[in-house]
J.: 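Quick one: the structure is below, and I'll ask about it shortly.
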Amino acid sequence: MKGFIRSHLCGNLTKSNVGQQVTLNGWVHSVRDHGGLIFIDLRDISGTIQVVFNPEKDPKAHKLAETFRQEYVIGVIGDVLARTEDMVNPKIPTGALEVLVHQVKLLNPSLTPPFLISEEVNTNEELRFKYRYLDLRKPQMQNNILMRHKISKTIRNFLDNNGFIDIETPILNKSTPEGARDFLVPSRINQGKFYALPQSPQIFKQILMVSGFDRYYQIARCFRDEDLRADRQPEFTQVDIEMSFITKNEILTMMENMIATILKDCYQIEIPLPINRMSYDEAMSKYGSDRPDLRFDLPIYDVTSAVKDCSFQVFKNVIESNGIICAINAKSGEKLSRKDIDDLTSFISQYGAKGLAWMRVKNKKLESNIVKFFSEDIQNRLMDQLKTEDGDLLLFIADQKQVVYESAGNLRLKLGDMLSLVDREKLAFTWVVDFPLFTYDEQAKRYDSVNHPFTTPHLDQLDILSEEPLQVLSETYDLVLNGTELGGGSIRIHNYDIQKEVFKLLGLDEAQAEEKFGFLLSALKYGAPPHGGIAFGLDRVVMVLQKMTSIRDVIAFPKTQRGVCLMSGAPSTVNEEQLLELAIQVDE
RNA sequence: GGGGGUGUAGUUCAGCUGGUUAGAACGCUGCCCUGUCAAGGCAGAGGCCGCGGGUUCAAGUCCCGUCACUCCCGCCA
């Protein structure tokens, strides 16, 4: 490095540097060797700049530059020149400048990389993960990681400005069998016992409210040993937030201000506030999802009453068994072929739907192999309710409510994609509120929390909590952006008796509740303040804002779908002594 | 645990109803080239067609198994 300590970053050079001598360090992004002149795009964290080697200016530097290959690390000393008008490269920010080199040093050569460090070709993820250090050199990946940093910095600043205190909570925790599968860590000092990695700091942040910290936040790593998805990794990051002496409205307002600040500071986008709120009930019945993608309309219509007198046996049977019939009007769906409809049918079958009925709208009339089972009166009512126009395609799903919502919701997304209804530039936010407190688990014959067991029921429904728990709504809220749940939270139970009652409905008797959550129950008895909070999935926030389709692209070192790190090789076997110390035996 | 997709040169891909020497582009190597910017021109090297079995006169292609990556269902309070 001697004599080549950098004075500037490549991408930061501007017109104001013209005429100056600069020292740059970086990677050789591309070489254009004209035999005489050699042009090299030199890349560092800030971007690229063209550096020029002219044999007439310095034959020694030019000679060395002839040996440079992609990804060599070099240092150059040269003069910043303004390019003449006809030589400006409008594709890069520094395209009006170049550096004429008069001294150069090879700092480190490189093997030929296994793939190009450019965005032009998508490389197979297997190779990208194996050479993640090279993958992360790609400008898009660097931008993702950089924006992730900016977003979390903005969040920290915002929360700090609003009186939130960053407090760390334990990574080594007690395992609780509820919820996701725990990652376990064996205890050497207490052989045969295990810690669990946190699924979220939920209980600790509530305890911190009892301790009087008033406003807490943590950008916390969380762990869940479940199967992976494009938006799910075994370890992920939550922006974990909790506030005391607070109402739902205050939290929502605070959080939408935080989101608006992120968009303003990191993306220079102003979003209108307040963010629209939608009940869980509306989200499910209209969009078939608790995280509706509102970038396009295409609502689901319940046509059960319109078709109740038809003679179509499939519909009649469903109505008799208390199911419902929903329809989607695929606007201008005439471009969908029979094969497309067949594909959609098998698509929704994975959500449990048994079939997909369809009708085309032509000359203000319905056409299909089943219209004969629908009287003219019913057909008119359908066309009226679904606001049909010629060229529309009506798609019907009949089944039990849950199945219909889930299939129709996913069908809606699929159609939005097939009919190109999604505006990729749009940011469609909504709060989804008033989730039910419980669902009923038919198999286990007990109630389950929809959110978690510490969520408070609507206080004006306390009188029916014990008798009609399924009717009770909770003080919950999820923030949804473009069909992705960015985060969710609730007002918590701060009253010992209500918490005990909820545990009871969940099938935990007093002894079990005491064993699992005794410390929380106990804390509630010592003056717990009313409190509530929320947690955002930072990975998902960054993914959606960066317009990525996988959180792997916003995590520096992610794992594959089988939970493997292809770079380091984790997980791996361990040696016999390690196991002996832990008193652990591995079955072959 | 289940369903779908992919696996061919360093990379991204093509390779038809099985057929003789498996192609292209980029990258790589060498030569030419003083204004390119994904530089250009010429020449060249580079393949256990993921792996293992099977069918066949003949398999990249068909069948069975297996592995890896990926999307989804289950799972994720």
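In what follows, chains carry the letters A, B, and so on, assigned in the order in which the sequence lines appear, proteins first and then strands, with residues in each chain numbered from 1. Heavy-atom basis, side chains included; hydrogens, waters and symmetry copies ignored.
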J.: Quick check: any donor-acceptor pair below 3.5 Å linking the side-chain of A:Arg224 to the base of B:C76?
T.: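 Check fails, no donor-acceptor contact within cut-off.
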J.: Between A:Ile40 and A:Ile38, is the side-chain contact (heavy atoms from CB on, under 4.5 Å) condition met? List the steps.
T.: CA-CA 7 Å; A:Ile40 285 179; A:Ile38 297 173; 4.1 Å; yes
J.: Enumerate the residues from residues 123-133 of chain A whose closest heavy atom to RNA chain B is under 4.0 Å, giving them by residue number; use none for an empty result.
T.: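 RNA chain B contact set from residues 123-133 of chain A: A:Thr123, A:Asn124, A:Glu125, A:Glu126, A:Leu127, A:Phe129.
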J.: With rounding to whole Å, what would you report as the distance between B:C57 and B:G52 at their P atoms?
T.: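 23 Å, rounded to whole Å.
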J.: Are the side chains of A:Ile203 and A:Ile207 in contact, using a 4.5 Å heavy-atom criterion?
T.: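 Result yes, sub-4.5 Å side-chain heavy-atom pair found.
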J.: Do other residues, nucleotides or ligands put more than 12 heavy atoms under 6.0 Å from the NZ atom of A:Lys547?
T.: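 Result for NZ/A:Lys547: enclosed.
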J.: Taking only N and O in the side chain of A:Arg552, is any of them less than 4.0 Å away from OP1 or OP2 of B:C71?
T.: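 Yes, A:Arg552 has a side-chain N/O under 4.0 Å of OP1/OP2 on B:C71.
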J.: If you measure from the C1' atom in B:C63 to the same atom in B:C69, how many Å do you get, rounded?
T.: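 It works out to 24 Å between them.
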J.: For nucleotides 32-46 of chain B, give me one character per nucleotide, 5' to 3': B if any protein heavy atom sits under 4.0 Å from the base, S if the only such contacts are to the sugar-phosphate, - if neither.
T.: -BBBBBBB-------
J.: Quick one: is A:Gln70 getting a side-chain N or O under 4.0 Å of the B:C28 phosphate, OP1 or OP2?
T.: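 Checking B:C28 against A:Gln70, a side-chain N or O does come within under 4.0 Å of OP1 or OP2.
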J.: For the side chain of A:Ala230, starting at C-beta, report the closest nucleotide among B:C71, B:C75, B:U29.
T.: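 Of the options given, the side chain of A:Ala230 lies nearest B:C71.
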J.: Tell me, please, which residues at least two apart from A:Asp227 pass salt bridge (Lys or Arg N to Asp or Glu O under 4.0 Å).
T.: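 Once residues adjacent in sequence are excluded, A:Asp227 has no partner under the salt bridge (Lys or Arg N to Asp or Glu O under 4.0 Å) criterion.
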J.: For RNA chain B, whose closest nucleotide is more 5', that of A:Arg181 or that of A:Arg562?
T.: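 The answer here is A:Arg562.
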J.: In the structure shown, which nucleotide is the Watson-Crick or G-U wobble counterpart of B:U17, with both distances under 3.5 Å?
T.: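 Pair assignment: B:U17 / none.
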J.: With the sugar-phosphate defined as primed atoms, P, OP1 and OP2, and the base as all remaining atoms, what B/S/- string results for nucleotides 1-9 of chain B, 5' to 3', for protein heavy atoms under 4.0 Å?
T.: B--------
J.: Tell me every residue that passes salt bridge (Lys or Arg N to Asp or Glu O under 4.0 Å) with A:Asp343, counting only those two or more places apart in sequence or in another chain.
T.: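 With neighbours one apart ignored, the set is A:Lys339.
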J.: Using the test side-chain contact (heavy atoms from CB on, under 4.5 Å), find all partners of A:Ser175 that sit at least two apart in sequence or belong to another chain.
T.: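 Per chain and number, A:Ser175 pairs via side-chain contact (heavy atoms from CB on, under 4.5 Å) with A:Asp182, A:Leu184, A:Ala196.
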J.: Is the shortest distance from a Lys or Arg side-chain nitrogen in A:Glu485 or A:Arg291 to a carboxylate oxygen in the other one below 4.0 Å?
T.: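 Answer for the salt bridge query: no.
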J.: Taking only residues at least two apart or on different chains, which pairs with a member in residues 125-137 of chain A satisfy side chain to side chain donor-acceptor pair (under 3.5 Å)?
T.: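 Sorted pair list: A:Glu71-A:Arg137, A:Glu125-A:Arg552, A:Arg128-A:Asp135, A:Arg128-A:Asp553, A:Arg132-A:Asp135, A:Asp135-A:Lys138.
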J.: Of all residues at least two apart in sequence or in a different chain, which pass the ring pair (Phe, Tyr, Trp, His ring centres under 6.0 Å) check with A:Tyr496?
T.: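 Checked A:Tyr496 against ring pair (Phe, Tyr, Trp, His ring centres under 6.0 Å); zero matches.
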J.: Pick the C1' atom in B:U20 and in B:U61, then give their distance to the nearest Å.
T.: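 Approximately 15 Å lies between the C1' atom of B:U20 and that of B:U61.
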J.: Using the P atom as the reference point in each nucleotide, state the distance between B:G1 and B:C75 in Å, no decimals.
T.: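 Pairwise P distance, B:G1 against B:C75, rounds to 16 Å.
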J.: Filter on side chain to side chain donor-acceptor pair (under 3.5 Å), then keep only pairs touching residues 398-409 of chain A, sequence neighbours left out; what's left?
T.: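 For residues 398-409 of chain A: A:Lys354-A:Asp399.
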J.: Return yes when atom NZ of A:Lys504 has more than 12 non-hydrogen atoms of other residues, nucleotides or ligands closer than 6.0 Å, and no otherwise.
T.: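 Counting neighbours around NZ of A:Lys504, 12 or fewer heavy atoms of other residues, nucleotides or ligands fall under 6.0 Å, so no.
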J.: Would you indicate which nucleotide in B:U29, B:U70, B:C76 comes nearest to any side-chain atom of A:Thr560?
T.: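 Ranking B:U29, B:U70, B:C76 by closest atom to the A:Thr560 side chain puts B:U70 first.
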J.: Between B:G18 and B:C62, how far apart are the two C1' atoms, rounded to whole Å?
T.: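 My reading of the C1' atoms in B:G18 and B:C62 gives 8 Å.
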J.: Taking atom P in both B:A24 and B:A14, compute the distance separating them and give it to the nearest angstrom.
T.: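 To the nearest whole Å, 16 Å.
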J.: When you look at OH of A:Tyr195, are more than 12 heavy atoms from neighbouring residues, nucleotides or ligands closer to it than 6.0 Å?
T.: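 No, not enclosed.
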J.: Taking the same atom, C1', in B:U34 and in B:G41, what whole-Å distance lies between them?
T.: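 Pairwise C1' distance, B:U34 against B:G41, rounds to 16 Å.
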J.: May I ask you to list the residues of residues 478-503 of chain A, by number, that have any heavy atom positioned under 4.0 Å from an atom of RNA chain B?
T.: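 Going residue by residue through residues 478-503 of chain A, none turns out to have a heavy atom under 4.0 Å of RNA chain B.
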J.: For A:Asp225, give me all partners under salt bridge (Lys or Arg N to Asp or Glu O under 4.0 Å), at least two apart in sequence or on another chain.
T.: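 Testing A:Asp225 for salt bridge (Lys or Arg N to Asp or Glu O under 4.0 Å), a comparison that skips the adjacent residues, returns none.
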J.: Is the closest side-chain donor-acceptor distance between A:Gln70 and A:Tyr72 under 3.5 Å?
T.: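 Their side chains do not contain a donor-acceptor pair, so the 3.5 Å distance test is not met.
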J.: Would you measure the distance from the C1' atom in B:G19 across to the matching atom in B:G60 and give it in whole Å?
T.: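 It comes out at 13 Å once rounded to the nearest Å.
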J.: Kindly list each side-chain donor-acceptor pair under 3.5 angstrom involving residues 556-563 of chain A, sequence neighbours excluded, with atom names and distances?
T.:
{"from": "A:Lys559", "atom 1": "NZ", "to": "A:Glu235", "atom 2": "OE2", "distance (Å)": "3.3"}
{"from": "A:Thr560", "atom 1": "OG1", "to": "A:Arg562", "atom 2": "N", "distance (Å)": "3.3"}
{"from": "A:Thr560", "atom 1": "OG1", "to": "A:Val564", "atom 2": "N", "distance (Å)": "3.4"}

